[in-house]
Amino acid sequence: MNDLTTSTTAKKRTVAITLLLVAIIFDRLFWHQGIGINLALFASLVLAITVYDHGWNALSVPARWSGLGLLISSTMFVVYGSIIAGFATFASLFVLVAFAHAPELRAVSTAIAQWCANIIATPIGLVTSLGGALPGTPAMRKSWRWTRLVLLPLVIVVIYFQLYRGGNSKFNAMTAGFLDQLSDAFSRFFANVFTPHTLFFLFGLFLSAALVIRSVGPLLINYESVFRNVLQRIRAKRPHWLAPLNMGALDRERRMGVVLLVMVNLLLLVVNAIDIHWIWFGFTVEPGMSLKEFVHEGTWLLIVSILLSMAILFRLFRGNLNFHPKNRVLLLLAFAWLAQNFILGISVFLRNYHYIAFHGLAYLRIGVIVFLILMLVGLITLFVKIHARKTFFYIIRVNGWAAFAMMIALSTMDWDSAIVRFNLHHWNQGQIDVDNYLAMSDKVLPLLYDDIGRVREQMAKHRENDVRWVEHLDPAGFDDDLDRMRERFLDRYRERRWQSWTWADQCTYDALAVRGLNR
């Protein structure tokens with residue numbers, strides 16, 4: 001055995017040992033445990049292995065930013081224990097691994113696709129890694145080869161056996177007794193060997209392999225490498241003795257674009273003038289007006305309008321029309337339409353703002369604001385794309401990173417507590433969704449117990465409304481549901497071990513203890 005083979009085998013053994021250790025740690029952290037500090041510890045472990053394996057200097061800039069996002073989101077999950085922080089932690093972890101395995105990648109969307117492809121190819125990579133780590137004796141290598149050779153035909157035979165049983169009743173009757181005995185034997189074998197804990201460990205081993213080793217080839221890297229950030233003019237080369245190609249088709253498209261943008265600019269100008277006069281200044285809720293319909297229907301229709309506008313502009317400026325010598329008018333009209341769509345986005349934001357001012361905060365209303373921010377970023381990048389002749393890949397790359405940054409930023413807030421605090425002190429007490437208090441996470445319990453009087457006032461105000469749209473109108477019923485919510489939290493908290501600890505749960509328990517409510 002030469003030095004190169006010895007070095008390769010040693011490296012495979014190191015990878016296999018690392019996989020087993022990570023799987024064991026995963027099992028110890030998560031088996032029969034909730035999600036808490038264990039998620040941050042596991043994410044930190046994978047980050048440390050990634051940096052050690054590739055080296056900090058070898059990590060690309062996107063990988064480093066992803067690692068920073070992972071540290072922030074995982075820390076915020078330990079602090080708040082929120083769903084958005086947990087989602088951001090998992091997303092950052094997967095994106096980090098993809099960028100580390102393929103440093104040539106630039107876009108978040110391609111990194112996600114790389115991660116998905118790696119997941120699909122992980123079983124092959126796992127078998128290869130563990131097989132290459134076996135002791136290098138001829139007997140062991142031969143037994144491993146025979147195991148792989150026998151296993152695949154056996155699986156195929158079982159599949160065809162089941163197909164023939166389903167398609168031939170005589171064959172099914174003939175083999176029924178044999179299959180019953182074989183099934184009982186397999187059931188006993190799997191019940192003794194593949195226990196729930198064993199299956200969980202195998203899942204941890206699979207996840208560890210997907211995070212530590214790269215099992216997919218360079219297909220996506222090669223795919224993304226052909227995309228550029230700046231458009232290049234496509235010229236059709238002709239011999240010098242031939243006349244230049246006719247630009248009639250491109251010029252007709254330019255004229256069509258001018259006519260289209262003139263008409264939609266005028267139409268949107270009317271809509272924006274109405275919104276500015278009606279919504280921007282001195283807006284009031286008129287008697288009989290459904291503010292919910294005003295926001296929900298109007299908001300989503302206007303959002304679709306903005307998305308359609310972005311699609312049309314990208315279609316117009318997808319190619320050589322960017323380089324047309326007479327496209328100045330078209331550019332000015334496009335910039336005007338982008339500006340008007342920006343104004344339309346502000347109008348949509350104000351619709352949502354008026355809804356919050358009247359009915360209070362909710363996750364969907366916060367989601368509309370987040371979506372609008374990302375959409376306005378998209379309009380800005382579309383302006384840069386047209387002005388600087390950028391490509392569609394540029395838009396996908398920049399907006400993907402904007403969405404990633406927004407996700408990390410959202411993880412730094414305790415939204416449940418912010419919503420409850422805002423709604424408890426809202427001026428319009430009769431229009432607050434009292435039912436939503438009980439749909440929040442357990443960490444709002446101290447806030448509700450502290451201000452239970454405000455909740456009762458809001459229920460009393462709602463009983464005076466002509467239209468009652470909340471279920472909890474009886475203070476005693478609300479108190480009972482709140483107490484049951486507290487008891488469920490206390491039961492979960494006392495059953496958890498240190499792996500599931502979060503600072504938010506600890507603060508909630510301590511706050512209930514101060515009030516004598518943790519018994």
Side-chain angles (χ1 to χ4, degrees), residues 11-31 33 35 38-55 58-60 62-67 69-71 73-74 77 86-105 107-134 148 151 194 196-224 400 404 407 499:
K11 185 175 181 180
K12 289 182 178 180
R13 288 178 185 173
T14 302
V15 172
I17 293 172
T18 302
L19 289 179
L20 291 175
L21 289 177
V22 173
I24 292 171
I25 294 173
F26 177 87
D27 178 76
R28 299 301 299 169
L29 288 176
F30 292 100
W31 172 244
Q33 298 298 323
I35 306 297
N38 48 9
L39 179 59
L41 293 175
F42 185 73
S44 301
L45 173 65
V46 175
L47 177 60
I49 293 174
T50 302
V51 173
Y52 177 81
D53 188 39
H54 297 85
L59 290 178
S60 63
R64 296 178 186 180
W65 281 113
S66 303
L70 176 62
L71 290 175
S73 58
S74 60
F77 185 80
F87 179 82
T89 300
F90 281 108
S92 302
L93 182 61
F94 300 154
V95 171
L96 163 68
V97 169
F99 279 127
H101 290 167
E104 300 88 351
L105 295 179
V108 173
S109 57
T110 318
I112 294 175
Q114 173 82 7
W115 161 253
C116 294
N118 199 62
I119 279 283
I120 297 173
T122 290
I124 300 174
L126 182 58
V127 171
T128 303
S129 297
L130 295 180
L134 290 174
R148 289 188 296 176
L151 187 60
F194 291 100
H197 196 176
T198 303
L199 294 176
F200 183 82
F201 177 80
L202 292 177
F203 169 75
L205 182 62
F206 174 83
L207 180 62
S208 302
L211 293 172
V212 173
I213 62 176
R214 172 180 167 179
S215 303
V216 69
L219 178 62
L220 286 170
I221 299 175
N222 297 335
Y223 173 77
E224 194 198 72
F404 181 83
M407 178 182 64
Q499 293 95 325

Over 12 non-hydrogen atoms of neighbours within 6.0 angstrom of CZ in Phe200
yes
Kindly write out the residues that satisfy side chain to side chain donor-acceptor pair (under 3.5 Å) with Gln33, not counting sequence neighbours, or none if the list is empty.
Ser500
Between Leu211 and Phe42, does a side-chain contact (heavy atoms from CB on, under 4.5 Å) hold up when you go through it step by step?
CA-CA 11 Å; Leu211 293 172; Phe42 185 73; 3.7 Å; yes
Work out which heavy atom in Ala102 is nearest to a heavy atom in Gln114; give both atom names and the distance.
CB-NE2, 3.9 Å
Please table the atom pairs, donor to acceptor, closer than 3.5 Å between any side-chain atom in residues 22-29 and protein atoms at least two apart or in another chain.
residue	atom	partner	partner atom	Å
Asp27	OD1	His197	NE2	2.7
Asp27	OD2	His197	NE2	3.1

Find the distance between OG1 (Thr198) and CZ (Phe203) and round it off to the nearest 0.5 Å.
15.0 Å
Closest non-hydrogen contact found for Ala98 with Leu105 is O-CD1, 4.3 Å
Atom pair CH2/CG of Trp115 and Leu93 - distance to nearest 0.5 Å
6.5 Å
Apply side-chain contact (heavy atoms from CB on, under 4.5 Å) to the pair Leu59 and Phe99, showing each step before the final yes or no.
CA-CA 8 Å; Leu59 290 178; Phe99 279 127; over 6 Å; no
Residues Pro103 and Ser60: closest non-hydrogen pair is O-CB, 3.6 Å
Just distance, no hydrogens or angles: give the donor-acceptor pairs under 3.5 Å from side chains in residues 44-52, sequence neighbours left out.
residue	atom	partner	partner atom	Å
Ser44	OG	Ala40	O	2.8
Thr50	OG1	Val46	O	2.7

Check: Ser73 main-chain N/O paired with Thr89 side-chain donor or acceptor under 3.5 Å:
yes
Determine the minimum heavy-atom distance between Leu39 and Gly86, stating which atoms define it.
CD2-CA, 4.3 Å
Got a second to check how far Asn38's CG is from Trp31's CH2, nearest 0.5 Å?
14.5 Å
Counting distance only, does the side-chain N/O of Glu224 pair as donor-acceptor with the main-chain N or O of Ala107 below 3.5 Å?
yes
Write down the atom of His101, the atom of Val212, and the distance for their closest heavy-atom approach.
NE2-O, 3.4 Å
Taking all non-hydrogen atoms of both residues, which atom of Asn118 and which atom of Ala210 are closest, and how far apart?
ND2-O, 3.0 Å
